[in-house]
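Right, one structure below, let's go through it.
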Amino acid sequence: MSNNKPVLVRALWAALVGLVSGYASLAVAELVSAWVRPEAGPLTAVGGAAIDRTPAAVKDWAIRNFGTNDKLVLQAGILVMIALLAMGLGVLALRWRRIAAAGVLLVGVVGAAAALERPDSESFSDAVPSLIGGLIGAVLLYVLSGLLTAVPQNGDGVAGGAWNRRRFLVATGAAAFGGTVAGGLGRALNSSRAQDAVASRAAVVLPRPASPALPVPRGAALRVPDVSPFVTPNKDFYRVDTALVVPKVATESWALRIHGRGVRRELRLSFDDLLGRKLIERDITLTCVSNEVGGPYVGNARWLGVRLSDLLAEAGVRPPSLGGPADQLVARSVDGMTLGTPVEDVMDGRDAMLAVGMNGEPLPFEHGFPVRMLVPGLYGYVSACKWIEDIELTTFDAYDPYWVRRKWARKAPIKTQARIDTPKPFGRPKTGTVRVAGVAWAQHRGIDRVEIRVDDGPWQSADLATEATRDTWRPWSYPWQATPGTHTLTVRATDRTGQTQTERRTRTVPDGASGWHSVVVTVP
Ligand SMILES: Nc1nc2c(c(=O)[nH]1)N[C@H]1C(S)=C(S)[C@@H](COP(=O)(O)O)O[C@H]1N2
Ligand SMILES: [Mo]
């Protein structure tokens, strides 16, 4: 009967041994990855592999529910799984030491495989961090659990029992301490590397544009509290990408290559080459295809960059309408992301650009420093490659980029949408005049009309802010005479082609959500 307790205690110690071995092994792997390549670390590699395998619908759900925290949640989840696995292997080692140690090694091999199959992996050295980590973890588990089993079960005073116990505790503590040192060292190394990119960004002096943006008309913003400002500040600009570690690239080591079908003169550009060209500055509203009706993944900024069609023309590229052989432009980022854009759209006269500046400063790292692409009128996933380093001219038949391989549409112009920013859902505005207000967008077509409906009443025209350009969103407002009761406010927009947005609600997959945004409020 009293035998039960030592067994449980022993299992707990064994789980701890597994945990410590796993911890030290991960820490060592991350330290080694700081040398090899930070992205080859097991957590980033496995996390990336998990993201790539997540079905579009789940990814969309994660973005919706965790927003920009989706990656934190994912990494926490992976850590919990590894911890559970490590504890399980620790308990297994009580009886089958070799098998458990081999299990740890196997986990290392899985991490190595994940690192090698990442799209940005270019060398077998990416396998090294996980392999070394797995090896260390296996040895630790083998040795520590050996020491643990040498500790007598009942502490019945066998000579050497206390000594064995001491040896076990010291070794386990040393492993935990060693892991902490390795982890700290790896972190310090990584951050010093990132410091180079931070310094490089701080040293960037953005030239004046040869073609400045039109001044924002006085009436382009609304003086209504709680409505989106015309320009989204960088710190509030939504972020959507698959990068678990934000790439930190120094301008000095950055280069862009333009090549592929129909390219007569391949281009290689440094960051200084780009800055030395004629720059344009434009206000452009960017939208994510994962934005639900009424959602937050849309923002407007003043971008500075080089007109992409100038570069393409220089490379000898002709659009398909002029007989060019390439209809798809595939942009690649330093983290291996691929995005495909119609060449025709990029060269049809719109302000498609390689941007270096956002709202008067170099691009923030999260938004693609040093250079990103932007094409007015197209969802981000088919146009807005961040951390871009390669542009290949190809065809839609020949190549499917990242999101297209995951069920998203090959071509995706932004759908006309209107959003109510205020009042908030389930708000309780007072009776009298309530300012219903928000933004509407139909990039590259322009917004012509926004209408509001209260309950099942008639559609009423809202007041529109002055249009800045047809590539930007348009704030709107409507003075509603609120009466007591619960009301549904619905908005819809009509673009310059005369199309009124459809009432038909669709999911975001495959080419963006449609439908009208409604907000229910109660007037007391
Ligand atoms: N390298 C890279 N670029 C990327 C992405 C990405 O995952 N990786 N996501 C795209 C998507 S889906 C969108 S909506 C925009 C978002 O840009 P933002 O984060 O600056 O708002 O970036 C695009 N560019
Ligand atoms: Mo997106």
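One-based numbering along the sequence shown. Because the structure is predicted, anything quoted here is derived from the model rather than measured. Atom set for the values below is all heavy atoms of this structure, side chains included, hydrogens, waters and symmetry mates excluded. Just so you know, ligand 1 is whichever comes first in the structure, and atom 1 is the first atom listed for that ligand.
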Going by atom types alone, do [X] and [Y] pair a side-chain donor with an acceptor below 3.5 Å?
{"X": "Ser518", "Y": "Arg453", "value": "no"}
{"X": "Arg445", "Y": "Thr416", "value": "yes"}
{"X": "Arg405", "Y": "Tyr399", "value": "yes"}

Which of the ligand 1 atoms, numbered from 1, are nearer than 4.0 Å to a heavy atom of [X]:
{"X": "Cys288", "result": "14 (S)"}
{"X": "Trp387", "result": "1 (N), 2 (C), 8 (N)"}
{"X": "Asp335", "result": "1 (N)"}
{"X": "His367", "result": "18 (P), 19 (O), 20 (O), 21 (O)"}
{"X": "Phe237", "result": "21 (O)"}

Notebook entry, point to check: Is the shortest distance from a Lys or Arg side-chain nitrogen in Asp351 or Arg307 to a carboxylate oxygen in the other one below 4.0 Å?
Noted result: yes
Check Arg277 with Asp310, please: is the shortest side-chain N to carboxylate O separation under 4.0 Å? no
Margin query: Between ligand 1 and Tyr238, is the shortest N or O to N or O distance under 3.5 Å?
Written below: yes
Margin query: Please check whether Ser333 reaches ligand 1 - meaning an N/O of the residue sits under 3.5 Å from an N/O of the ligand, judged on distance alone.
Written below: yes
* Is it true that a side-chain atom of Tyr381 and a backbone atom of Tyr402 form a donor plus acceptor pair closer than 3.5 Å? -> no
Which protein heavy atom lies closest to [atom], and at what distance to 0.1 Å?
{"atom": "atom 12 (S) of ligand 1", "value": "Tyr381 CB, 3.6 Å"}
{"atom": "atom 19 (O) of ligand 1", "value": "Lys386 NZ, 2.6 Å"}
{"atom": "atom 6 (C) of ligand 1", "value": "Asp241 CB, 3.4 Å"}
{"atom": "atom 9 (N) of ligand 1", "value": "Val240 O, 3.2 Å"}

Side chain to side chain donor-acceptor pair (under 3.5 Å) test vs Asn359 passes for just one of Thr232, Asp283, Asn234, namely Asn234
Is Ala384 in contact with ligand 1, taking contact as a heavy-atom separation below 4.0 Å?
yes
- Item | Arg372 near ligand 1 by a heavy-atom separation under 4.0 Å | yes
Heavy-atom distances under 4.0 Å are what count here, so tell me which part of [X] touches ligand 1: side chain, backbone, both or neither.
{"X": "Met337", "result": "side chain"}
{"X": "Leu286", "result": "side chain"}
{"X": "Tyr379", "result": "neither"}

- Query: Which class fits the ring pair Trp303 and Phe237: parallel under 30°, tilted 30 to 60°, perpendicular over 60°?
  - Reply: perpendicular
**Q.** Whether over 12 other heavy atoms sit under 6.0 Å from Lys424 NZ
**A.** yes
